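Side chains are part of it too, since the values below use all heavy atoms of this structure and drop only hydrogens, waters and symmetry mates. Fair warning: this is a prediction, and the values are worked out from it, not measured in the lab.
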Amino acid sequence: MKVIHYNDKTSYKDFKLQAQSENPDLVHIHACWSLKAWRVMLWCRRHMKPVVLSPARLLMPWHVRHCYWLCKLPQLLIYQKQMVKHAHAVVAVTEQEQQHLLTMGILPQTKNTEAWNDRVVFIPDYRFTSELTEDDMNERYALLYQKVIDSHSFMVMSADDRKAENTLLRLGLSQDIESQGITQEDDQRVQKLSADSWRKILLHADEEGILQEIRKGAALLKIAPQSIIGIERFPLRGKKNTQPLPTDKALMIPLRLKEYSQEKNATAADVELCRVILNFIHEMNDGTLSRRHVADLYTALRFTDYNENRVTQILQILKEKKTAQRLLGILHETLGLEEGFMPMEMRNDWGTRKISKLLYRLNIQ
């Protein structure tokens, strides 16, 4: 576990050079009210690095009141609130500070009912208390860092880890090695995974609702990965949906899918595939998409007996053909979906790259 510590004594340029050289798993910012610290936070968000923030009591009311109207209020409105909000954990050195961080508002004398960040952890500073030693404090920080990393496993996965997860998911969905055409390179990549890589893959699979498929894929390769039961993590943020995509109804309303299906004499299988594609697009636009939905779309395309022309015609009428073609291109690249299982020609353009970036930001692939 590589951790970079940043404080105001370090320039932003030096931090960037250190981060690019060491490629840390996590960045701990020991700064507050600093524009440089905000730039570091933005760099971490851009490069998908988890952040732990230590305000060091500088957000307490008596400090915020100092030069409030000229300095603190503009800083709070422009970036300081966002720093607290986007940190993956905030460290309080006293119980009083912890309580304040959970209720603080823009005005120093007001209290919010909803915290800017509910991941506030109390770790006393050994220099100000006799309750713990320096080693005890460092141990608590190490546990916090591990908890943050385990709660954001996708952010610390390497490119090989993500490729290995794709291989395992592909196997788990088909439950068959021969028909999937897994290459020797794919097999060796999975076989060489370290215990730490397995931990990240399993935790990410659990968050995305595909843990069962990943374990099935590992079993087909005669691998028994470790258990992740009991690993402590923060509750998931956001509104990610890990339930399977519904096939009996379209979430995008109104769609008139029934009328168009009757007009094209579509079968139940044709309509079901169209619903899966449309519901996938809906979840993606709504920001609730998960890896579970990617698996559902792949399964529907590969294992449903549908009429390609009818499916294509219906999607074209509904003006979702191009988006569907881009999704086919992404599935081909990540899960190796063959052209023979595609209802139409895949598409690889700026829109495909835009969707790929969105899936990355959603911690999917």
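At least one donor-acceptor pair under 3.5 Å links the side chain of Asn112 to the backbone N or O of Met104. The backbone N or O of Asn363 lies less than 3.5 Å from a partner atom in the side chain of His204, making a donor-acceptor pair. Counting only distance, with no hydrogens or angles, the side chain of Lys240 and the backbone of Leu362 share a donor-acceptor pair below 3.5 Å. Checking side-chain atoms of Thr352 against main-chain N and O of Arg347 turns up a donor-acceptor pair under 3.5 Å. No side-chain donor-acceptor contact under 3.5 Å links His332 to the backbone of Leu328. Although no hydrogens or angles enter the test, the distance criterion places a donor-acceptor pair under 3.5 Å between the side chain of Asn285 and the main chain of Ile281. A donor-acceptor pair is defined here as one N or O able to donate and one able to accept, closer than 3.5 Å; no such pair exists between the side chain of Ser34 and the backbone of Ala31. Looking at Gln226, its side chain does come within 3.5 Å of a backbone N or O of Ala195 through a donor-acceptor pair. Under the 3.5 Å distance criterion, the side-chain polar atoms of Ser21 are left unmatched by any main-chain donor or acceptor of Leu17. Ser227 contributes a side-chain N or O that, together with a main-chain N or O of Ile229, makes up a donor-acceptor pair within less than 3.5 Å.
Side-chain contacts under 4.5 Å among hydrophobic residues (ILVMFWY), followed directly or transitively, place Val121 together with Met1, Val3, Leu26, Val52, Val91, Ile123, Tyr126, Leu132, Met137, Tyr141, Leu144, Tyr145, Val148, Ile149, Val156, Phe234.
Counted by atom type alone, Thr299 and Asp296 present zero donor-acceptor pairs between their side chains at under 3.5 Å.
Of all non-hydrogen atoms in Met60 and Glu97, the two that sit nearest each other are SD-CA, 3.6 Å. Annotation for Val84 and Asn117: closest pair O-ND2, 2.8 Å, computed over non-hydrogen atoms. Across Arg292 and Thr242, no two heavy atoms sit closer than the pair CG-O, 3.3 Å. Asn279 and Pro246 make their closest contact through ND2-O, 2.7 Å (heavy atoms, listed as atom of the first residue, atom of the second, distance). Here the closest heavy-atom approach between residue Ser290 and residue Asn241 is recorded as OG-O, 2.7 Å.
Val276 is connected to Ile355 through a chain of hydrophobic side-chain contacts under 4.5 Å among Ile, Leu, Val, Met, Phe, Trp and Tyr, so both are in one cluster. Note: the hydrophobic cluster containing Leu73 also contains Trp116 (ILVMFWY, side chain heavy atoms under 4.5 Å, direct or indirect links). In this structure, Ile223 is a member of the same hydrophobic cluster as Leu169, with clusters built from ILVMFWY side-chain heavy atoms closer than 4.5 Å.
Seen from the ring of Trp62, Arg57 does not count as a face-on cation partner, given the 6.0 Å and 45° thresholds. Taking the ring axis of Trp33 as reference, the NZ or CZ atom of Lys72 stays within 45° of it and closer than 6.0 Å to the ring centre.
One distance of note links CD of Glu338 with CG of Leu301; it measures 11.5 Å at 0.5 Å rounding. Arg302 contributes atom CZ, which lies 12.0 Å from atom CG of Leu331 (distance to the nearest 0.5 angstrom).
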Could you walk me through whether Ser174 and Phe303 pass the side-chain contact (heavy atoms from CB on, under 4.5 Å) test, one step at a time? CA-CA 9 Å; Ser174 65; Phe303 302 110; 4.0 Å; yes
Run the side-chain hydrogen bond (donor to acceptor under 3.5 Å, both in side chains) test on Asn166 and Thr334 for me, step by step, so that the C-alpha distance in whole Å, both residues' side-chain angles and the decisive distance to 0.1 Å come before the verdict. CA-CA 6 Å; Asn166 286 331; Thr334 57; 5.0 Å; no
Candidate pair Asp196 and Arg199, rule salt bridge (Lys or Arg N to Asp or Glu O under 4.0 Å), full reasoning: CA-CA 5 Å; Asp196 186 51; Arg199 181 186 181 107; 5.4 Å; no
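Leu35 meets the side-chain contact (heavy atoms from CB on, under 4.5 Å) test with Trp38, Tyr79; sequence neighbours excluded.
Ring centroids of Trp43 and Tyr12 are separated by 6.0 Å or more, keeping the two rings apart. Under the 6.0 Å cut-off for aromatic ring centres, Phe341 and Tyr298 do not qualify, their centroids lying 6.0 Å or more apart. In this structure, the ring of His293 has its center no less than 6.0 angstrom from the ring center of Phe280.
Checking Arg326, Lys322, Lys354 one by one against Asp349, the salt bridge (charged side-chain N to carboxylate O under 4.0 Å, His left out) holds for a single residue, Arg326. Among the candidates Arg291, Arg162, Glu333, the single residue satisfying the side-chain hydrogen bond (donor to acceptor under 3.5 Å, both in side chains) test with Gln365 is Arg291.
Environment of CZ in Arg39: sparse, with no more than 12 heavy atoms of neighbouring residues, nucleotides or ligands closer than 6.0 Å.
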